[in-house]
Amino acid sequence: MTSTPAITPDIAAKNRTWAFEEAKAVVKRLRAMGKGQVKTPDKGYVVFETGYGPSGLPHIGTFGEVCRTTMVMQAFQQLQPDIPTKLICFSDDLDGFRKVPGNVPNQEMLANYIGQPLTKVPNPFDTKDKSFGEHNNARLCEFLDKFGFKYDFYSATECYTSGMFDESLKLMLLKHEEIRQAVLPILGEERAATYSPFLPISPSTGKVLQTPILEVNAQDFTITYEDEDGTRVTQEVTSGKVKAQWRADWALRWHALDVDYEMSGKDLKTAADISKQILKILGKPNIAGFHYEMFLDEEGKKISKSKGNGLSMEEWLTYAPPESLAYYMFQRPTSAKKLYFDIIPKAVDEYITFMDKLPEQTPAQQLDNPAWHIHNGCVPEGQHTPVTFSLLLNLVNAANTEDREMIWKFIGQYAPQATPQSAPFLDRLVGHAIQYYKDFVLPEKSYRKPDERESMALDALADSLEGMNAGLPAEEYMSAVFTAGKDNGYDKENLREWFQALYQILLGQDQGPRFGSFVALYGPKETVGLIRKALN
């Protein structure tokens, strides 16, 4: 790992990036709880939490929430290095199974378990996990482990049935009417008439029931309701016999786990505000956190998993490394961002730029650098790349090959010190560039013939490059490109047309990298061959 210079709490306190501003909000909460002193909570650490609904597999929003929360936690560690922290990934796997997802096997079998807790729904996949909820939990943990997140996994089923939530559930029963009044303003008249924060779990069918609570007994901590068959049932609210409605459930786990920080999507702001009211009713101060904006598709419409618009996490990671996705998540989380394929190359190259700058920056500058937040100040060995992603895409395009070894031969001429072993990040980029080229560049390639002036300029460029050796600085090749254009009628006002002509005629696309850099990577001899082929 490449370590950066030491960052002191004083330097961290002056930083204004969103992650440090969020971390300062956690410090402010601790100060209020400590009556002016910032000290370790009684539980021994500060809790940063993220929530996951295991009715489906982890997705790009799951990555974004865990990634951003980790960035806030890292910032807090810089501000308060003596206070331990814990990241909890909480799975709401006691939630009732509402509908059969369209992308899972054994759908007819699953349809028989609507209403059951997700950890009681049989596993439709060919894995060792006992239930649908446990299967998705396992996929979540694999997903988080793959990206190197450090976390503690909590299952709602275990929290409820083990008694971990019992004291908070009893308190919620004592405050039943106050909690009802906090939620009623957002409910319709019919639902408001029967609302309770508790969802009983039927002793006869095992289903999570949406049913009116007929009686609440604060003496023995029981509720009374009608079971599905009409039987009047009185049961305790402890030991996993009920589940809290979701707004109350959010407050319940904040209270029981003594959570200090959780962020959520802007679409959940109203629900989060009510959950915070419930937390206050339960006797604990408001947690820190913010509401991030949602992702949009290319047309500016909200991304929907059911509609399939926008870009999935799997698709991003097919064409680019996870570091670039983390970089995209770091950028302006409170602003809506479009998430579609064309943004990937730009995100990769911007990440590379920031990563390369990090070791040379002062500690204060590093905290403004997204790469610091992505790697917690330590860039992995082998992460440096002498070739940008856009340049790789154009190399694959010009070479017209999907052969990794062939691409590495070109890279070896340009940067002899780089090998797949010494530059593993670059090697990953080569694979991503080949896949991106196959799926997006190749289908859109459209070459055109040069006109008379373009032919003369291209011919002049080829003549110049023929007299130049390989391995020269990119600026020398770029000088030849400028000269060939200017000598053939391209002045300052229309020089851009000359570069666009190069891309359209030689690469079959409207734009590309600095052409001098392309020549340096592809080779002057090979570029001459490309030009002669186009002229013929």
Side-chain angles (χ1 to χ4, degrees), residues 15-30 32 41 45-54 58-80 83 85-92 140 143-144 147 149-154 156 246-247 249-280 284-296 302-303 313 325-337 339 370 372-374 376:
N15 188 266
R16 300 298 299 275
T17 62
W18 68 265
F20 274 92
E21 291 300 295
E22 289 301 300
K24 290 172 192 175
V26 179
V27 174
K28 182 178 179 181
R29 181 177 192 270
L30 294 180
Y45 46 81
V46 171
V47 173
F48 295 80
E49 184 185 67
T50 67
Y52 168 61
H59 53 85
I60 203 162
T62 311
F63 175 89
E65 192 164 313
V66 178
C67 179
R68 287 166 172 163
T69 303
T70 298
M71 290 173 177
V72 176
M73 186 170 72
Q74 290 170 173
F76 177 85
Q77 291 164 348
Q78 295 297 322
L79 293 168
Q80 299 293 330
I83 299 180
T85 58
K86 178 188 283 191
L87 174 63
I88 289 178
C89 291
F90 188 93
S91 172
D92 190 16
L140 171 68
F143 167 86
L144 297 176
F147 297 112
F149 292 118
K150 305 300 181 185
Y151 64 95
D152 285 6
F153 176 79
Y154 279 55
W246 77 281
R247 295 178 187 87
D249 185 84
W250 217 351
L252 175 72
R253 69 181 193 237
W254 290 343
H255 184 272
L257 303 177
D258 199 9
V259 173
D260 296 283
Y261 184 91
E262 182 167 356
M263 64 176 66
S264 58
K266 191 175 181 180
D267 58 335
L268 298 180
K269 185 178 186 308
T270 300
D273 288 344
I274 291 174
S275 298
K276 290 172 183 176
Q277 289 182 45
I278 296 172
L279 182 64
K280 186 176 180 180
K284 285 201 173 178
N286 192 6
I287 67 165
F290 80 114
H291 300 287
Y292 52 83
E293 263 289 2
M294 312 309 292
F295 292 116
L296 308 175
K302 181 181 173 182
I303 287 178
M313 182 185 65
L325 182 55
Y327 165 76
Y328 196 70
M329 293 297 173
F330 179 80
Q331 298 299 304
R332 303 177 304 280
T334 55
S335 299
K337 293 198 292 290
L339 196 61
W372 186 93
H373 296 268
I374 293 166
N376 197 18

What side-chain donor-acceptor pairs closer than 3.5 Å can you find for residues 69-76, not counting sequence neighbours?
residue	atom	partner	partner atom	Å
T69	OG1	E65	O	2.7
T70	OG1	V66	O	2.8
Q74	NE2	H373	O	3.0

Has D152 got a side-chain atom pairing as donor or acceptor with I88's backbone, closer than 3.5 angstrom?
no

Heavy-atom donor-acceptor pair, R253 side chain to D92 backbone, under 3.5 Å:
no

side-chain hydrogen bond (donor to acceptor under 3.5 Å, both in side chains): which pairs involve residues 17-27, sequence neighbours left out?
N15-T17, R16-E21, E21-K24, E22-Y261

Nearest heavy-atom contact between T334 and H291 is CG2-O, 4.0 Å

Any heavy-atom pair between the side chains of C67 and F147 that's under 4.5 Å?
no

Mind telling me whether F20 and W372 have parallel, tilted or perpendicular rings, with 30° and 60° as the class edges?
tilted

Y154: ring pair (Phe, Tyr, Trp, His ring centres under 6.0 Å) partners, not counting sequence neighbours
none

Taking K284 first and then D258, would you say they form a salt bridge - that is, a charged N and a carboxylate O separated by under 4.0 Å?
yes

Is the ring pair Y292/F290 parallel, tilted or perpendicular, if the boundaries are 30 and 60 degrees?
perpendicular

Are I83 and L30 close enough that some pair of their side-chain heavy atoms sits under 4.5 Å apart?
yes

Identified side-chain contact (heavy atoms from CB on, under 4.5 Å) counterpart of F48 within the set V26, V259, I287:
V26

